[in-house]
Amino acid sequence: GFVYPTPPSGANYNDQFISINQFSTGKFLVTAYRETGVRTRLYNSDGSWDQSYGWSVNNNGFGFPFTTAGPVETVILPGDKLLAASGGNGSYMFTRLNPDGNPDLTFGPYGTKTVNSFTYAFPSAPVLTADNKLVFVGRRTYSDATWPYHATTSLYRAIEIAKFNLDGTPDTTFNGTGYLAIVQTEPDVYDVKSFCVTSDRIYVLNGYNKVSVIDYNSGTLDNDINGNGLYFLPTNFRANKIFALSDGKILFSKYNNPATSGQIFRMNADLSPDLTFGVNQMVDMPLVIKNMIQQPDGKMVFTGTPLTPVGGFVSSWFKLVRTNTDGSTDTGSSSGMIQFEMGPFGKSYGERLYIQEDGKYLIGGTYKWREMEYDWQEWGLYLMRLVPGTLLQSQSFNANVFSVYPNPMQNKIYITYQNESPDEVQLYDLQGRMVFSTKDLIDSNAFEKEILIPDLSKGTYLLRVYSKTGQIQSMKIIKQ
């Protein structure tokens, strides 16, 4: 169940898994930072490498020009084109590839486009929103001496939020320019830890306790939050990650330093306490959370690394945990947790999690192992796939129950079937948010149903069809 995109590279401390994307053909694309830059490879559904994609650079796959920029996000566009976006070191960078993996020269020279800025660093990759925008958040430098000066970094400190269209141009409906700078006066909040985006707000965790909330549409601080768009978490709620949930609530993860204990806590959209979650808003977690993805049924799946035993050595296990919507562990018929050991002195970082159309889970990460307990020998990248089971996927699946056309669609689709009659249709955006649901299925012909689709934004969606007997089929569909 494992694929290693690259062999171990010796003492290479730069290996980092970036993203997993799936094309309409069922093939999936892996993007990672490897050795001297960002690379991408296409894999067939059986895990074999499709070497016909793009062109090879040192046998490592397609090479992007993101050698010094910050974290990267990749997006599959209609027609299976790929857009990669990154930011940092004074610029926003975009690269677009054709379906065969070669640069799209109509997008810009060598398929790239660069927009200069004052940004200094992007700790997090940009986020693709439900309306097909890219949101960046990073630290910003500026020469205006009226801004507070940060003596340690010798920089005027602020954070910058930017909103871009998928053609690489700033969205000028956002603060009139596509950018918003927020001056930071507190000594420890210049560093952006994490951020998330909902349909109407952008939440930025800068420092461990401060949350800046920006109106997603206007590009200004949301004064409905604490009167000034700024919120300070209680001191004991020291957070390191922030996630947007499908119901509009906000999930935080935290762990102490060293990481001997970890928790998650949830707040309402206005950052008021969600007292229905856990005990005193807290749920203990047996891992340092690297990533979280929410299933369509609302359950949450977390990947990460083990906690450090008090006075002990970090174990070699990689962990994956699923919880119910209230934060309780989804035990089912098991413990609610899966562990994988990466060798007797190994260690794994589960960095990206992706749910395939058939419900299987793809997990990508970085591994390292050693011959001696304190002597790291080799670093590399891995890709792992898990089949649906009681722990990870409670929904049944049958790939041959329904057929859907047309795809791409406009304002209606048709579902054909034989033995299983469809009962309900749901559409989700690529962030896992439900955007449409109906049981109003119109008989158009024998063994065929017609479904009218509302006016949605153009882009790619996940379609789920439920039968009257409980069968579920998922597929990607494009809205033109």
Side-chain angles (χ1 to χ4, degrees), residues 3-6 14-35 37-43 45 47 49-50 53-54 60-67 69-77 80-88 92-97 99 101 111-112 122-129 132-137 164 166 194-197 241 243-244 289-294 301-304 348-357 360-367 380-385 429-432 459-460 462 476:
V3 168
Y4 296 92
T6 54
N14 291 322
D15 289 357
Q16 179 181 349
F17 208 98
I18 292 175
S19 64
I20 307 170
N21 299 98
Q22 191 169 23
F23 287 117
S24 62
T25 59
K27 298 181 179 182
F28 51 91
L29 196 71
V30 171
T31 307
Y33 189 93
R34 177 70 177 176
E35 296 176 353
V38 177
R39 312 287 187 206
T40 189
R41 279 188 176 184
L42 186 67
Y43 285 88
S45 58
W49 179 18
D50 183 350
Y53 184 81
N60 276 340
F62 179 84
F64 288 102
F66 302 144
T67 55
V72 179
E73 183 60 81
T74 53
V75 180
I76 302 297
L77 303 174
D80 278 352
K81 289 191 176 186
L82 176 76
L83 179 70
S86 183
Y92 298 92
M93 301 179 66
F94 304 87
T95 296
R96 194 166 74 189
L97 304 182
T112 65
F122 287 86
S124 301
V127 168
L128 175 67
T129 65
N132 289 318
K133 306 286 184 179
L134 284 167
V135 173
F136 297 78
V137 177
F164 275 79
L166 293 186
S194 180
F195 76 100
C196 65
V197 183
K241 292 279 189 181
F243 305 97
I289 295 170
K290 296 291 185 179
N291 200 3
M292 185 278 291
I293 195 168
Q294 194 171 21
V301 182
F302 300 88
T303 63
S348 165
Y349 301 89
E351 292 160 353
R352 280 299 179 116
L353 176 62
Y354 178 82
I355 302 179
Q356 292 186 172
E357 296 175 16
K360 294 180 180 179
Y361 280 70
L362 282 171
I363 301 168
T366 305
Y367 68 88
L381 305 169
Y382 72 87
L383 185 68
M384 171 175 57
R385 186 163 67 191
D429 62 28
L430 296 185
Q431 305 302 311
T460 303
L462 179 67
K476 279 188 177 179

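Only a predicted model underlies this, so the values are computations on that prediction, with no experimental measurement involved.
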Practice item. May I ask you to test the Leu134-Leu128 pair for a side-chain heavy-atom distance under 4.5 Å? Key: yes
Check your understanding: So Tyr354 and Phe28, ring pair (Phe, Tyr, Trp, His ring centres under 6.0 Å) or not? Walk me through it.
Key -> CA-CA 10 Å; Tyr354 178 82; Phe28 51 91; 8.4 Å; no
Check your understanding: Closest heavy-atom contact between Met292 and Gln294?
Key -> SD-N, 3.8 Å
Review point. So how far is it from Lys241 NZ to Phe195 CZ, rounded to the nearest 0.5 Å?
Key: 10.5 Å
**Study point:** CG-OG1 distance between Leu82 and Thr95, expressed to the nearest 0.5 angstrom
**Key:** 9.0 Å
Check your understanding: Does any non-hydrogen side-chain atom of Leu362 lie less than 4.5 Å from one of Gln22?
Key -> no
Review point. Under a 4.5 Å cut-off applied to non-hydrogen side-chain atoms, are Ile76 and Thr460 in contact?
Key: no
Revision key, fill the gap. Here the gap from Leu29 atom CG to Arg41 atom CZ, rounded to the nearest 0.5 Å, amounts to 11.5 Å
Revision key, fill the gap. The side-chain contact (heavy atoms from CB on, under 4.5 Å) partners of Ser45 (sequence neighbours excluded) come to none
Exercise for review: Kindly write out the residues that satisfy side-chain contact (heavy atoms from CB on, under 4.5 Å) with Ser19, not counting sequence neighbours, or none if the list is empty.
Suggested key: Asn21, Thr31, Glu73, Thr74, Arg352
Study note, to complete from the structure: Minimal heavy-atom distance between Lys27 and Asp50, with the atoms involved, is NZ-OD2, 2.7 Å
Review point. Which atoms form the tightest heavy-atom contact between Ala85 and Pro126, and what is the distance?
Key: O-CG, 3.8 Å
Check your understanding: Do the non-hydrogen side-chain atoms of Tyr53 and Leu97 ever get within less than 4.5 Å of each other?
Key -> yes
Review point. What heavy-atom pair brings Leu166 and Asn132 nearest, and what distance separates the two atoms?
Key: CG-O, 3.4 Å
Review point. What class does the angle between the rings of Phe94 and Phe136 fall in, given that below 30° is parallel, 30 to 60° is tilted and above 60° is perpendicular?
Key: perpendicular
